[in-house]
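These notes are about the structure you will find just below.
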2 protein chains.
Amino acid sequence: MDAFPSRKTLPRLDESLLSHLPPFSRLEKRQIRTILDQASSRRYDAGIAIFEEGHPADRFYMLLDGYVRVVRITPTGEQVTALHIPPGQLMGIARAIGRDTYPATAMTASESLALSWPMHLWDSFVAEFDGFATESYKTLGQRLGEVQNKIVEMATQQVEQRVANALLRLVNQTGRRVENGIEIDFPITRQDLSELTATTLHTVSRLLSGWERQGLVESRRKRIVVRDPHAMVVLSQK
Amino acid sequence: MDAFPSRKTLPRLDESLLSHLPPFSRLEKRQIRTILDQASSRRYDAGIAIFEEGHPADRFYMLLDGYVRVVRITPTGEQVTALHIPPGQLMGIARAIGRDTYPATAMTASESLALSWPMHLWDSFVAEFDGFATESYKTLGQRLGEVQNKIVEMATQQVEQRVANALLRLVNQTGRRVENGIEIDFPITRQDLSELTATTLHTVSRLLSGWERQGLVESRRKRIVVRDPHAMVVLSQK
DNA sequence: GGTGCTTTTTGCTCTGGCGCAAACTTCTGC
DNA sequence: GCAGAAGTTTGCGCCAGAGCAAAAAGCACC
């Protein structure tokens, strides 16, 4: 995956790219072809805003590769990460929830690849393709669930547990087996983790140092390997 | 509103009851009649669970009167309120987001009245009534937004600001003008407020006492009157 | 009008984790 | 290979707010 031209239709995109993804999974090859032919494809560097809170919602996206943080920015400039979007999910589907601006900013957590379509196609997709809407709304429901979990976590757990939980979630979503454990598959800083868990990078750093001393994790700059997921689970539940 | 029989079709319910509410607003009188004829109506005391997290989602609801707290309960039994639902909104529409159990518990915050339909009617409503789905999903989007706001609040604001914000939100949603200010229109305890703002009832009590001394609010048992909403707004923003 | 329950208030103590500051490490570009 | 930037670690002091405890105030029911 290198040097994709910016937002340009890629006629060579294969139907199999979408055929196993929920919103398209029930469609015929021909229908997927139609959808793909109307899509633009674009590569994004890490740390880039794909779309921004408050801006007119003119396109919606399908994340094909990479990870995206859903971020809200406070009046004082602090960033709060509401959730992570894994590859294979729709993003920015403002139209689906009756909004004409994006309700949050989507920042790439790693180098990413996404398809996008003009927002007005949303309505045609919903109208033309059976099951498209239904499947898309599941994504929405899942996110509502995640966000509510997060509220419960923030309300009831200590920082240590929250960070442990966040780590576990990332490992589950994006973990890759390596020799001495499971590695989070994209570059993540202490700062990122702190924004995800509503704490400071200092506290996260202290926690990770502690865990490293106990052999629970192993970390280099921007990389974290969880050596003992089980002990981590124990930590995360009080 | 007294002595409604439990879950029984009320043939006398008027079409105008629903005709101004978003999911039904574009429908014809005849269609609304059809919908009403299939509805059950029921009155709930305050503090009752209308449906519970994890239970099979067999009915969906339209809240007509009263207020409902969307609550999640932790393994240790603590309650966290994710949001309040005002009259005129759908609740428990698990089917819409592809779930077959309710994702949270709906507790009445005050005596309430709701219509309900068997969940399988959801699909027919969506199929038969134009705009029904679209309008319903707006509710969902709005809630996702509220919940995200809450995360941001919890992550960045102090307890005092959070409580002030919660109070303001309640006043806006449910406020009723009284002689010396605006009163929250249903019984709300310090405990409720603390669950809403992720703090303890002690802290809430201390804050309210302080504000009362400054003439900002006025409160009796289970009742809160905001005397100076403007000063409250100032408080809420840092 | 008294008994018991629920809700509220207030005092005191203790601590998790934030803020500040500074040093150290790792990476990037030239 | 060096300079500067980006990311990380660690020490120290402080305080918002939780936890604990106990009393006071309101309310409901007999």
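In the text below, chain A, chain B and the rest are named by the order of the sequence lines, each starting its count at 1.
- Using modelled atom types and a 3.5 Å distance limit, the side chains of A/Thr197 and A/Thr199 yield no donor-acceptor pair.
- Across all their heavy atoms, B/Ala109 and B/Ala46 have their closest contact at O-CB, 4.2 Å.
- Distances shorter than 4.0 Å separate some side-chain N or O of A/Thr200 from OP1 or OP2 on C/dC18.
- For the side-chain contact (heavy atoms from CB on, under 4.5 Å) criterion with B/Phe186, the lone passing option out of B/Arg223, B/Lys222, B/His84 is B/His84.
- For the OP1/OP2 pair of D/dC12 and a distance below 4.0 Å, the side-chain nitrogens and oxygens of A/Arg206 include no atom meeting the criterion.
- In this model, a side-chain donor or acceptor of A/His202 finds a partner on the base of D/dT10 within 3.5 Å.
- Looking only at side-chain heavy atoms (C-beta outward), A/Gln148 and B/Val147 come within less than 4.5 Å of each other.
- Minimum interatomic distance between B/Thr105 and B/Glu53 (heavy atoms only, all atoms of both residues): OG1-N, 3.0 Å.
- Nucleotide D/dT10 holds its C1' atom 17 Å from the CH2 atom of A/Trp211, rounded to whole Å.
- Between B/Tyr67 and B/Gln173 the shortest heavy-atom distance is OH-O, 3.3 Å.
- Rounding to whole angstrom units, CE of residue B/Met154 and C1' of D/dG17 are separated by 14 Å.
- Rounded to whole Å, the distance from CD on A/Gln191 to P on D/dT9 is 13 Å.
- The stretch residues 155-162 of chain A touches DNA chain C through A/Gln158, A/Val159, each having a heavy atom within less than 4.0 Å of the strand.
- Contacts between residues 220-227 of chain B and DNA chain C, defined by a heavy-atom separation under 4.0 Å, are made by B/Arg221, B/Lys222.
- When heavy atoms are screened at a 4.0 angstrom cut-off, A/Leu208 is found touching no nucleic acid atom at all.
- Remark: A/Arg162 does not engage A/Glu153 in a salt bridge, criterion side-chain N to carboxylate O under 4.0 Å.
- Using a 4.0 Å cut-off between charged side-chain N and carboxylate O, B/Arg69 and B/Glu195 make a salt bridge.
- Looking at heavy-atom distances under 4.0 Å, B/Ser205 makes contact with a base.
- When the C1' atom of C/dT8 is taken as reference, atom CZ of B/Arg213 falls 13 Å away, rounded to whole Å.
- Rounded to an integer number of Å, the gap from CG of A/Leu207 to P of C/dG16 is 12 Å.
- One atom, CD of A/Glu212, and another, C1' of D/dT10, lie 15 Å apart when rounded to the nearest Å.
- B/Asp192 has its CG atom 9 Å from the P atom of C/dT7, to the nearest Å.
- Contact between B/Pro187 and B/Asp192 at its shortest, heavy atoms only, is O-OD2, 4.3 Å.
- For the OP1/OP2 pair of D/dG7 and a distance below 4.0 Å, the side-chain nitrogens and oxygens of A/Arg190 include no atom meeting the criterion.
- Within the 4.0 Å cut-off from OP1 or OP2 of C/dG17, not a single side-chain nitrogen or oxygen of A/Thr199 is found.
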